[in-house]
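One structure is given below, encoded as structure tokens.
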Amino acid sequence: MNRTYARIYAVVKRIPKGRVATYGQVAVLARMPRRARQVGYALSALTDQSDIPWHRVVNAKGEISRRKNPIYEDIQRALLKTEKVRFDTAGRINLARFGWQAAASAPKRF
DNA sequence: TTTATGGCTGTCA
DNA sequence: ATGACAGCCATAA
């Protein structure tokens, strides 16, 4: 566990239940713009049980990203449905509705 | 060290 | 809408 991952996890932990954030969004909030891919890497390092709501992170299109082990795609979808997050006919989430408006819950800092 | 491979994303055709 | 590409950079080998 290094500082980079810790920051990413800290941000993911703040995502409210029933909401989702994109990898890029998490990267920005963790003050590491353009490192969306590394966010994905950090999350894949979890896999096991943890208090990190990894399932609340989706890609910029509002879909669940493809990964090596497709099993987790289904698990993620199931977990989100449990939180009342809706998927449209194309299997995507309407980010305008379920996207996390971080500004409202993120600590203010200047 | 170098290469390859990722739970990504914005841009452009 | 879809697909190719180029940036991005941590890990593993």
Side-chain angles (χ1 to χ4, degrees):
Chain A
M1 176 68 73
N2 54 51
R3 185 193 293 293
T4 299
Y5 279 20
R7 288 233 245 130
I8 290 173
Y9 296 150
V11 171
V12 175
K13 270 190 185 175
R14 297 216 307 270
I15 305 173
K17 186 179 177 186
R19 283 295 169 102
V20 298
T22 67
Y23 294 92
Q25 187 181 1
V26 170
V28 169
L29 292 174
R31 313 204 129 208
M32 312 183 229
R34 288 176 250 90
R35 300 203 195 174
R37 199 160 193 168
Q38 279 54 237
V39 171
Y41 223 114
L43 295 183
S44 71
L46 289 175
T47 306
D48 54 351
Q49 306 133 329
S50 65
D51 55 341
I52 313 293
W54 58 272
H55 59 278
R56 307 215 262 248
V57 183
V58 299
N59 67 30
K61 290 180 284 194
E63 356 177 79
I64 290 174
S65 292
R66 300 301 305 279
R67 53 202 60 168
K68 286 204 320 189
N69 195 335
I71 292 261
Y72 293 102
E73 295 173 29
D74 298 325
I75 293 178
Q76 179 169 15
R77 190 158 25 244
L79 286 171
L80 288 176
K81 284 184 178 177
T82 293
E83 301 185 351
K84 308 296 186 220
V85 171
R86 306 278 237 67
F87 290 81
D88 64 22
T89 54
R92 300 197 303 208
I93 298 168
N94 182 328
L95 293 179
R97 252 187 18 169
F98 299 101
W100 177 32
Q101 312 306 332
S105 49
K108 294 205 170 187
R109 62 172 78 256
F110 300 104

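Sequence lines set the chain letters: A, B, ... in the order given, protein chains first and strands last, and positions in each chain run from 1.
- With hydrogens and angles disregarded, no donor-acceptor distance shorter than 3.5 Å links the side chain of A:R35 to the backbone of A:A27.
- Look at CG on A:L95: it is 11 Å from P on B:dG10, rounded to the nearest Å.
- Counting only Watson-Crick or G-U wobble pairs whose defining distances are both under 3.5 Å, the stems of 3 or more consecutive pairs in DNA chain B are B:2-6 with C:9-13, B:8-13 with C:2-7.
- Separating the OH atom of A:Y23 from the P atom of B:dC8 is a distance of 6 Å, rounded to the nearest angstrom.
- Using a 4.0 Å heavy-atom criterion, one finds that A:V57 contacts the bases of the nucleic acid, with or without backbone contacts as well.
- Under a 3.5 Å cut-off, the side chain of A:Q76 and the backbone N or O of A:V57 do form a donor-acceptor pair.
- Protein atom OH of A:Y9 is 13 Å distant from nucleotide atom P of B:dG7, rounded to whole Å.
- Between the side chain of A:N59 and the backbone N or O of A:G62 there is at least one donor-acceptor pair closer than 3.5 Å.
- With C1' as the reference atom, B:dG6 and C:dC8 are 12 Å apart, rounded to whole Å.
- The shortest heavy-atom contact between A:A42 and A:I8 is CB-CD1, 3.8 Å.
- Straight-line distance from the CG atom of A:N59 to the P atom of B:dG6: 17 Å, rounded to whole Å.
- Residues A:R56 and A:E83 are paired through a salt bridge, judged by an N-O separation under 4.0 Å between the basic side chain and the carboxylate.
- Heavy atoms only, all atoms of each residue included: A:T22 and A:A60 are closest at CG2-CA, 4.0 Å.
- A salt bridge does not link A:E73 with A:R67: every distance from a Lys NZ or Arg NE/NH1/NH2 to an Asp or Glu carboxylate oxygen is 4.0 Å or more.
- Here B:dT9 presents its C1' atom at 17 Å from CE of A:M32, a figure rounded to the nearest Å.
- Atom CZ of A:R66 and atom C1' of B:dC8 are 15 Å apart (whole Å).
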(request) Could you encode protein contacts along nucleotides 2-13 of chain C as a string, one character per nucleotide from 5' to 3', using B for base contact, S for sugar-phosphate-only contact and - for no contact, with a heavy-atom cut-off of under 4.0 Å? (result) -----BBBBB--
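- Closest heavy-atom contact between A:E63 and A:V58: O-CB, 3.3 Å.
- Closest non-hydrogen pair, A:P53 versus A:K13, comes out as CD-CA, 3.9 Å.
- A distance of about 23 Å separates the P atoms of C:dG7 and B:dG7, rounded to the whole Å.
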